[in-house]
Amino acid sequence: MLLGRRCSDAPRGGRVKCVVATGTFDILHPGHIHYLEESRRLGDELHVIVARDVNVRHKPQPIVPEEQRLRMIRALKPVDDARLGDPHDMFRPIEEIRPDIITLGFNQHFNEEQLGQALAERGIDARVVRITGYHEPLASSSRIVERILAMRTDTACSDPD
């Protein structure tokens with residue numbers, strides 16, 4: 001697996017303002033795109049850490065396997081680099097990347113202040129920024145799953161395929 005590169009390894013000369021966004025990114029939707037585009041606007045380079053399946057404990061397990069989720073994130077225009085998170089230490093990839101800013105989605109379960117303190121304790125000098133929400137009907141993986149189930153449950157019984 002490629003570990004990705006550090007912000008300081010960026011091919012552009014001079015100092016690069018680096019942003020890290022994190023998330024599960026299960027079933028990509030417009031809310032994810034909003035989060036990544038807004039994160040990218042905060043700096044020169046966007047690195048994304050995709051949660052590993054084993055680390056997703058605060059919500060149902062992802063439907064899409066981690067390697068496929070990583071591949072999808074890497075293909076998105078705002079993303080300069082992406083990698084899977086560490087299965088044991090969520091701060092390890094952040095220490096490797098050395099970002100200036102870490103963004104959180106509007107519904108991520110982290111407390112910005114507590115995360116900032118934990119980062120400082122690890123010697124990571126990064127500002128934590130919460131990105132605003134994107135409020136459209138299908139801007140959530142769980143809403144998409146609910147809609148699929150609602151629309152397909154009736155037809156699934158009658159469809160021979």
Side-chain angles (χ1 to χ4, degrees), residues 1-12 15-134 138-145:
M1 178 187 89
L2 293 174
L3 288 179
R5 62 180 201 260
R6 292 180 173 183
C7 289
S8 60
D9 296 337
R12 306 174 193 121
R15 179 77 174 107
V16 172
K17 190 172 190 179
C18 181
V19 179
V20 163
T22 67
T24 306
F25 303 104
D26 193 24
I27 306 178
L28 286 179
H29 55 72
H32 289 132
I33 302 303
H34 170 78
Y35 170 51
L36 296 174
E37 287 175 342
E38 292 300 307
S39 295
R40 180 67 170 79
R41 284 189 183 100
L42 296 174
D44 303 309
E45 192 169 281
L46 177 62
H47 292 244
V48 179
I49 301 170
V50 176
R52 289 192 173 268
D53 294 340
V54 298
N55 292 343
V56 178
R57 297 184 201 111
H58 59 284
K59 58 185 177 181
Q61 281 293 292
I63 295 166
V64 179
E66 62 190 32
E67 289 291 341
Q68 289 181 14
R69 291 185 283 116
L70 175 63
R71 185 169 181 216
M72 295 293 289
I73 293 299
R74 282 183 173 157
L76 297 176
K77 187 175 181 178
V79 177
D80 294 295
D81 190 50
R83 66 177 77 192
L84 289 172
D86 186 272
H88 308 291
D89 181 358
M90 74 177 209
F91 293 104
R92 185 172 291 147
I94 294 169
E95 288 172 332
E96 293 169 358
I97 297 168
R98 299 188 312 240
D100 300 295
I101 299 169
I102 298 171
T103 60
L104 300 173
F106 82 100
N107 63 348
Q108 285 181 314
H109 67 283
F110 293 103
N111 174 295
E112 295 101 308
E113 202 170 294
Q114 291 174 352
L115 180 57
Q117 290 172 354
L119 291 165
E121 289 171 10
R122 297 281 295 251
I124 301 168
D125 183 23
R127 185 167 56 106
V128 178
V129 175
R130 174 94 46 192
I131 301 296
T132 61
Y134 182 81
L138 293 177
S140 140
S141 297
S142 59
R143 287 189 189 146
I144 292 171
V145 169

Set of ring pair (Phe, Tyr, Trp, His ring centres under 6.0 Å) partners for [X], sequence neighbours left out:
X      : value
Phe25  : His32
His88  : none
Phe110 : none

For [X], which residues count as a side chain to side chain contact (heavy atoms under 4.5 Å, CB included) partner, sequence neighbours excluded?
X      : result
Pro87  : Arg52, Val54
Ser140 : Ser142, Arg143
Ile124 : Phe91, Ile94, Glu95, Leu119, Arg122, Ala126
Asn107 : none

Around Met90, counting heavy atoms of other residues, nucleotides and ligands shown, do more than 12 lie under 6.0 Å from its CE?
->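 Enclosed: over 12 neighbouring heavy atoms sit under 6.0 Å from CE of Met90.
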Sequence neighbours excluded, which residues qualify as salt bridge (charged side-chain N to carboxylate O under 4.0 Å, His left out) partners of [X]?
X      : result
Arg127 : none
Glu37  : none
Arg41  : Glu38

Name all pairs fulfilling the salt bridge (Lys or Arg N to Asp or Glu O under 4.0 Å) condition that reach into residues 19-31, sequence neighbours left out, sorted by first residue then second.
->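 Those involving residues 19-31 do not exist here.
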Verify side-chain contact (heavy atoms from CB on, under 4.5 Å) between Arg40 and Lys77, making sure each step is shown before the conclusion.
-> CA-CA 10 Å; Arg40 180 67 170 79; Lys77 187 175 181 178; over 6 Å; no
Within the distance-only criterion (no hydrogens, no angle test), does the side chain of Tyr134 pair as donor or acceptor with the backbone N or O of Phe106 below 3.5 angstrom?
->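 Flag not set: sc Tyr134 to bb Phe106 has no pair under 3.5 Å.
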Kindly give the heavy-atom pair with the smallest separation between Pro93 and Gly85, and that separation in Å.
->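 Closest heavy-atom pair between Pro93 and Gly85: CG-CA, 4.1 Å.
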Under the side-chain hydrogen bond (donor to acceptor under 3.5 Å, both in side chains) test, residues paired with Asn111 that sit two or more places apart |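 Scan of Asn111 (side-chain hydrogen bond (donor to acceptor under 3.5 Å, both in side chains), adjacent residues dropped) gives none.
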